[in-house]
2 protein chains.
Amino acid sequence: MAKGTNLKTAELEKISHLDYFNIAVSVDCVIFCYEEKELKVLVIKSDLEEFSGLYSLLGDLVRPDEDLDTASYRILQERTGMEDVYLEQVHTFGSIDRHPSGRVITTAYYSLIDAKHQKLRLTNNDLHWHPVRNIKKMAFDHKAILDTCLGRLREQVMEHPVIFNLLPEKFSLRELQELYEAILSVSLDRRNFRKKIGIKDWLVDLNEMEEDVPHRPGKLYKLKPEFKRKTPRRKSSNPRPQIA
Amino acid sequence: MAKGTNLKTAELEKISHLDYFNIAVSVDCVIFCYEEKELKVLVIKSDLEEFSGLYSLLGDLVRPDEDLDTASYRILQERTGMEDVYLEQVHTFGSIDRHPSGRVITTAYYSLIDAKHQKLRLTNNDLHWHPVRNIKKMAFDHKAILDTCLGRLREQVMEHPVIFNLLPEKFSLRELQELYEAILSVSLDRRNFRKKIGIKDWLVDLNEMEEDVPHRPGKLYKLKPEFKRKTPRRKSSNPRPQIA
DNA sequence: ACAAAAGTGTTATGATTACACCCATGT
DNA sequence: ACATGGGTGTAATCATAACACTTTTGT
């Protein structure tokens, strides 16, 4: 269609791009679960001598024929054996010196999974779930990545029904409240918590009771099916205004 | 320190990475300004034949010796001649086929600048400010990038004093309200708006009046200096809870 | 009987919404 | 005098936060 002008074709431009094909691209996944009343993150011992003894997040280079989102999904599947997980992109870290092997930029995702359903390939390099609040130092800039993802999780959890990805299908309001408390590092008033959850209208009362608890059993609830978004919600570009 | 074990050094690992050094990394800037009572974005005619006639955002490949954030800042300076601008990373777009020249992932930033202070190098390729609401189609996936950044701007504007980067130093409450209305595509009640802005306590009354307006002049205000964050705010990883 | 947690309501405060009139300035 | 926008307050509704007692179950 377009006549020969001073436009470049993509094919021509490709050549001039070649000089720039020397930044590697990776993804890192902050995979959260909730276990023993604690928020935990999946970490593995770094296999770089520079970071000997430190743990890192799970990540990998992105393959040239693989979407960024697909790459993070692949990491997650390879390591946890889980399908159909909640995964959301958070931030891309691109400092020059963040990786000792050379220029590697990385896009961080966070993921929420139900501790009961995953079957970790706990084979090597001390791959394990680590309580988030104990973590002081990690390989690379992974502590900053973890902090950023935790911050995002805390923001999301207030407004969107994502937290349920960390719980089994059926749960009591106490379990839900304890999970909020673990994520936010606060303690919440039980009555106000129940009122607020009630208003949000996210839950279905299953008319079932907890079993095998050493106290009065609580009712069990599940998330209403219409809120089950394993695929990351697309950000609406038109949220309703909250100003005046 | 570490004895020779089965750890790899970064130097060794570098070699195995070489196969993967074939994804290009770019940044794209969604540069907003406010002019003639409209939110506008800086666009330029695409120089790719595939997108002949379409406009694209301003972007460039990231240099191997340049931080991601620095790259976006460079684009902005080159094109607008401005220093000290508000710039925030939003999302990284990494579909395989998003660029016809080959595999290019791009990190999108949005920026807010005062229309009065910029001196555009309006030299070529029809670089110009385009009203955001008219834009239907762009080169590459740039329409999606624009929408995502606009969505982020709308989220931010509710909670954080960022909007002032689009205004001159001194402004009236009417100008401020019109700007909110332009960004959010809503109309706001004047009394409620003023009440809400008052509560936020972001402004200083300058005890000056508008001049040269064909009606009763309004008071002028400026943003309190402590809220002038040209550098993107770092997300707190500990927002106060808003649940119960 | 005791321990542990479930379940539940009221009051006070602050934010939000809807809504209408007089005032100051320029033409 | 008219047109344009500046400036202001009240009442209704809703969300939030603080707070304590009775009930149910397992041991």
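The structure displayed is predicted, hence computed values, not measured ones. First the proteins, then the strands, lettered A, B, ... as listed; each starts at 1.
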- Query: To the nearest angstrom, how far is L176(B) atom CG from dG5(D) atom C1'?
  - Reply: 16 Å
- Is there a donor and acceptor pair closer than 3.5 Å between the side chain of K195(A) and the base of dT10(C)? yes
- Rounded to the nearest angstrom, tell me the gap between atom OH in Y221(B) and atom C1' in dG7(D). 9 Å
- Whole Å only: how far is the CG atom of L188(A) from the P atom of dA15(D)? 19 Å
- Item | Close aromatic pair by centroid cut-off 6.0 Å: F227(A) and H160(A) | no
- Listed nucleotide nearest any side-chain atom of H215(B), set dA6(C), dG7(D), dT4(D): dT4(D)
- Query: Roughly, in whole Å, what's the span from CD in Q177(A) to P in dG7(C)?
  - Reply: 12 Å
- Query: Do K137(B) and K143(B) come within less than 4.5 Å of each other through their side chains, counting heavy atoms only?
  - Reply: no
- Note on the structure: With five pairs defining each end axis, the helix from dA1(C)-dT27(D) to dT27(C)-dA1(D) comes out bent, to 10°, by 0°
- Message: Rounding to an integer number of Å, can you tell me how far L220(B) CG sits from dT25(C) C1'?
- Response: 15 Å
- Task: Taking the six-membered ring for Trp and the full ring for Phe, Tyr or His, determine whether the centres of H142(A) and Y55(A) are under 6.0 Å apart.
- Result: no
- Message: Check the phosphate of dC19(D) against R191(A), side-chain N and O only, distance under 4.0 Å to OP1 or OP2. Yes or no?
- Response: no
- Note on the structure: Test side chain to side chain contact (heavy atoms under 4.5 Å, CB included), reference L42(B), set L76(B), V30(B), L58(B), I75(B), output is L58(B)
- Length of the line joining D212(B):CG and dT4(D):P, which is rounded to integer Å: 19 Å
- Message: Tell me if the centroids of the rings in F164(A) and F171(A) come within less than 6.0 Å of each other.
- Response: yes
Would you tabulate the nitrogen or oxygen pairs shorter than 3.5 Å linking the protein to nucleotides 21-23 of chain D?
unit_1: dT23(D); atom_1: O2; unit_2: R216(A); atom_2: NH1; d: 2.7

- Given atom CG of D189(A) and atom P of dG9(C), what is their separation to the nearest angstrom? 14 Å
- Residue pair S95(A), D67(B): steps toward the side chain to side chain donor-acceptor pair (under 3.5 Å) verdict: CA-CA 5 Å; S95(A) 300; D67(B) 286 347; 4.6 Å; no
- Task: Output yes when at least one side-chain N/O atom of R194(A) is less than 4.0 Å from OP1 or OP2 of dT8(C), else no.
- Result: no
- Query: Which listed nucleotide (dG7(C), dC19(D), dG6(D)) is nearest to the side chain of N192(A)?
  - Reply: dC19(D)
- Task: Give the intermediate values and the outcome of side-chain contact (heavy atoms from CB on, under 4.5 Å) for residues L68(A) and T92(B).
- Result: CA-CA 9 Å; L68(A) 207 54; T92(B) 297; 3.5 Å; yes
- Message: Can you work out whether I199(A) or P217(B) has the more 5'-proximal nearest nucleotide on DNA chain D?
- Response: P217(B)
- Query: Could you go step by step and tell me if S56(B) and S46(B) meet the side chain to side chain donor-acceptor pair (under 3.5 Å) rule?
  - Reply: CA-CA 6 Å; S56(B) 69; S46(B) 174; 5.0 Å; no
- Message: In the structure I gave you, are the side-chain heavy atoms of L203(A) and K224(A) within less than 4.5 Å of one another anywhere?
- Response: no
- Message: Can you measure F193(B) atom CZ to dG9(D) atom P for me and round it to whole angstrom units?
- Response: 18 Å
